[in-house]
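Keep in mind that what you see is a predicted model, and the values were worked out from it rather than measured. Order of the sequence lines sets the chain letters (A, B, ...), proteins ahead of strands, with each chain counted from 1.
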Amino acid sequence: MSHKGKNSASSAKGKKPSKAGAESKGEDVLQAVVLADSFQDRYKPFTVETPRDRKLTLVVLQCLLPLANTPLIEYTLEFLAMNGVQEVYIYCGAHTDQVEDYIGRSRWAASSKSCPFSVLQFVRVADARSVGDVLRDMDKRSLVDGDFLLVHGDMVSNLILDSALAAHRKRREASAANIMTMILHSGGTEEHRTKTKGITPVFVVDTKTQRCLHYDEMNPLQSDHYLSLDPAIADELSTEFEVRADLIDAQIDICTPEVLALWSESFDYELPRRNFLHGVLKDWELNGKMIYAEIFEDGYAARASNLQMYDAISRDILGRWTFPFIPENNILPKQAYKKHSNNVVIETGASHAHDAKLQNSVIGTDTDIGSGSKVINSIIGTGCTIGANVTLENSYIWDGTTIGDGTAVSQSVLAGNVVVGKDCTIPAGSLISYGVRISDGIAFSAAAVLSTVTSTGKPVTGATALLGPDGNAAPFFDPEDDELDDEDPSRLQKSLIYSLAHLNLSSSSISTLASDAGSDSDDDDGNLLSADAAHSSRSRLSSFASDDSAGKMSFHADAVHGLLDALRADSGDFDSAKLEFMGLRLANNASDAMMRKAVATAFVRRAVELVGPEQQQQGGGGTGLDPSKAAERALTACRGAPKFVNEVGVGGGEAAQVDFILALQRALSHYYAKGQDQGGKTATLLPAMLQQLYALDILEEEGILGWWADARAVEGEAMAGLKEKCRVLVEWLESAEEEDDDDDDDDDSD
Amino acid sequence: MPHALSMASTGLQALILCGPGSSFPTFTSNPDENPKALLPIANRPMVWYPIDFCLRTGITSITLICPPSASKALTAALNTNPYLTALPLPRPDVLAPADLDQNTGTAEILRLPEIRELVTGDFIVLPCDLVCELAGEQLLQAWMVKSASLTGLLGAKQLSNGHQTKHSGGLGVWYNTKASAPVKGEETDFIATAPLPTSSTAPPKGSIFQNVSKLVYSMPTDSFNDLTEERKAIPIRHGLVKANPRVRMYTTHRDAHIYIFPRWVLDFIKKNERLESIGEDVVGWWAKAGWQTGLADKLSFGEVCRSGDEDENESEMEGRSSPAESAPGNQETSRDAVSSINIARDGQYTGDKNKSAATASKFEPPSILAYIHSQKDQTAGSILRRVDTAQLLLAISLQLAKLPSIEEDPENPSPFAHPKKVAYPEGVKPRTTITKQDSLIGENVTVEEKTSIKETVVGAGCQINEGAKLSQCLLMEGVVVGKGCKLTRCILGKRCIIGAGSVLTDCEVQENLIVEPRTEDKDNKLMSSEGLEATEAEMEEVLQEMEEEIAATGEDVDME
């Protein structure tokens, strides 16, 4: 590999296809399958689907997003051409037309003379919901007949795979069980920009044979702090193996058609790594297949699978790590970038004031930069207008965006045709989607995610309070985020800046010492050892506590989901949901407080859905209900639901009632604080629900008044704000208290 | 013998642990008179090998540690055994701590007051059953360079913190059990290592640096198997992978029990009373403390390292060498300065326990390094084995017998080469077959005619009678093999007598045992009943039974 790698670095890019092509002569034609859709959308709000054609063409697929002013898929196709691939099959999900349209206009089009591929075919799989569906479909079509490269459409790499291909072929000839070779890139043991954040892939590879023995993923949200390897790995499979968490996985695989057959056998596999690789390696005894890993020390490979990786790869391109795929090599035929001093690459046709300070940046054609502006470590697309005294740092400005004088943008992505007014401040981590307009003098205090459409593609009414009079967008909120399991690491990859600061990670679980693996080896010894140290009991306790909290989290998520499903069914019977809930409760040994929280959360979510405009999706009808109707429907639509709330959710005297109201309040404050207040409707849901519960004889005045007096009800701004909405209800209750005294007895007997 | 006598003293003290140990039930049934340390490996007493290793390394301060009961036999051997007396001076000392018995764990030995008094500086711990052809100075070099450079790196940080000095780490050695002469059932350890930070300079030629890594996990494979069985999986902590993204695991390597330790390890062992053995407990926990948050505190690493500073400082004043001195000299001044500050601070802390605990919480323990002996090729100088079972004793003896003797290869002899393959050719009658390339015949051995000796080690003073056929056998001193015996893969203890015409395969014969003529046996341990004596009551019972039998049958009973 090493000499090949040098060749690639020293020779001009145009020569490579022929060279690599010559190499594979005599072998069967090398085919490649490009997965243009990863089915894991981590680029929101830039990839929100719009149902109707709008004036602006929005790019929906992440493989067409510009990376250093070149669509991502170009890098993938260049990589394939460089490695002598001759037949390319591009698999798309729902948006084949977009890719087809783009490719049709590019040099890769079958009609184009410069296209190095003999076959370039699009395959539509309209109903695919995951990579797994795509590959199973491919198996059915039997398009590929020999070894093929499986790559993603958002991959950037300059690796020359000759050595890996040769090794793969040799292994395949040795045994038909050797079905796949993964191309991995060593990222070193230190921190590395291009290593994926949040989810750390862990490969266990035999040092002698390079056979991959196990695959797992680690993330900081996991409650299980162990990798569990098959004992057979140490017993019979290997005597010397490495556990590697330092690899960069661009998900380039050399596969035999056997791989597709395996996908077909396992109908529920979705992801190529977490499901397929993990599963196939785990069941090695059953399937008898072997997968190998070729680990490259030099070269470059990465996948822009999310915004953090997009940021990292853009920086690598600016740092020329991806050579020959760097801007001044003009990957696209019509590009005309030239390198200037200070590592600034400017395309012909761009202009900048003489006193503008440019450094380590890429600037597209027809872009104009005003005087006194500073552009550092940024990539600016074509046709942009940057005013005077603008500061752009570590940011990505896509085509056609206008930034007014005196504005400062740091570490943000501004998609196409954004208009930012004068003297604005856009802080790090902001994502501003296509066509958003921001008025003059707007300064965000925290990272803003703005879009002109909602997550379902509906246009929003401009949040003029936030964005000024010209504002046409609103903070973008993806309801799927809320649905995500608390332990799902993908939530770590949705933002531009990777951060764990906002998460409440149990640090104790990291520092578990007493229950250490070593002590298991020799139980007496370990226990005695820990008994020795005075503070060991603390650590042991905390480790238990963390396990417990993990259990709680999963209980909460499961229970809320179960209840919500039952509530969404609206007219159905609630008994089965109740049974399921109680089962969960027993399984997790959930406390009363946890149950209360889960019940409150479920009903609040349902009520919020009902008032919100998104309810069409969720099985309702018409526009949003008003709060009191929503509360009534949420609580009473299902037969048995009120009884359930009374028995399970509240289930007791005044203290329990206070707790339940608090749980409701907390659940609501979640939405309230997020700015998801549907014109004040969310906030008024609380009094509406309380009233409904009161009417159903589930809550009593004592409970509500007790809550009103409780100090916990005013913890934080959102909570206090919600409480205030209930003042009218409470006053009414207080005045009516004496008269209702008699009813209480009846309530108790209920 | 090629000993590096000219080498300057390394200042290290060597402790050779001679027992407890009774892993040879056939040959050490009386460990006080026949200590394991004196069993012959290729005709040399076992303890010769580690002593020789120390002397080759340039360590002259050698102490053999043994139980008081065995010290007499050991001292006698040191004064009389021709191989041991032939070793260059100074003679090793024998230390028999009062509380050391045949069941004391290796870490417990290091906790004994006699040992704590004896060890004043950095030291090296060796087992008596180590056969190590590898040059010890390479290990020392690796330890000094890697350990010192690592602490140097930390030193920069510590200067700014002002409350820590650098501390030397340790080094252990592991070898692959399957690489050469694999023996079934040999004990192995499961270890995991992480690469050391790459240094900017290329390692010197011939150094073993590329095989030195940081030990992050170590446990005997048996314990490891229990663990995996219990968990139904190999559990690997995320913390380990996070702290060391590249962990290499070995399942067929074994701890050679060569440890180079700084002085503070004694305090560490003293502090943690529950550590029983060096290999499993001390090194295992130390390795883990390197990456597991909080474990170092629990094991009081900070405390023992800091208290060790004073000792280190003293020893430096005395002019003892320590790894820092082998590093560039300009470091020394800063080091002294730090040490003195540290003493002052320690004085402050004596009155304030909580505070010192708080500062200790950030303490990063010095790392323990692992040299992984690759042994990939059968090149000269690569033998590294521990000999602690009879099977290994046989296998290693035979392996050593294959080394060319000094007579055959005077240019570049192995440290373990004997002067001649047949020490006393006059005792060998003509018309015998001895395969010299893989056999070794000791002093005063008489070999009668028509014998065949193939791949066999014969100890001093043995007598092989006419027509005997020996193949892959190990004969200790003074064995008499009767006429026409056929012995295959047998180990014969001292002064045992094999009766004529016996056919033994895969047998072990205890010392001084007389095997009846024409005995045929396979895969057995032939031992006298000595030591298995029945109680008086049992004897009487048996006698009574016999009498009854006599009375019943009236026949003569051979009472022999």
(request) Select one option (side chain, backbone, both, neither) describing which atoms of B:Lys232 are under 4.5 Å from chain A's heavy atoms. (result) backbone
(request) Decide yes or no on side chain to side chain contact (heavy atoms under 4.5 Å, CB included) for A:Leu227 and B:His238, but give the supporting numbers first. (result) CA-CA 7 Å; A:Leu227 297 173; B:His238 285 177; 3.6 Å; yes
(request) Answer yes or no: is there a side-chain heavy-atom contact under 4.5 Å between B:Met249 and A:Glu242? (result) no
(request) May I ask you to name which of B:Asn244, B:Asn225, B:Val241, B:Thr228 has the most heavy-atom pairs under 4.5 Å with chain A? (result) B:Val241
(message) With rounding to the nearest 0.5 angstrom, report the CD1 to NE2 distance, B:Ile234 to A:His214.
(response) 9.0 Å
(request) Can you measure from CZ (B:Phe224) to CG (A:Asp235) and round to the nearest 0.5 angstrom? (result) 8.0 Å
(request) Select one option (side chain, backbone, both, neither) describing which atoms of A:Asp216 are under 4.5 Å from chain B's heavy atoms. (result) neither
(request) Sort A:Ser238 into side chain, backbone, both or neither according to what part of it lies under 4.5 angstrom from a heavy atom of chain B. (result) backbone
(request) Determine whether B:Lys178 and A:Thr239 make a side-chain contact, defined as any pair of heavy atoms from C-beta on separated by less than 4.5 Å. (result) no
(message) A side-chain contact here means heavy atoms from C-beta on lying under 4.5 Å apart; do A:Val202 and B:Ile236 qualify?
(response) no
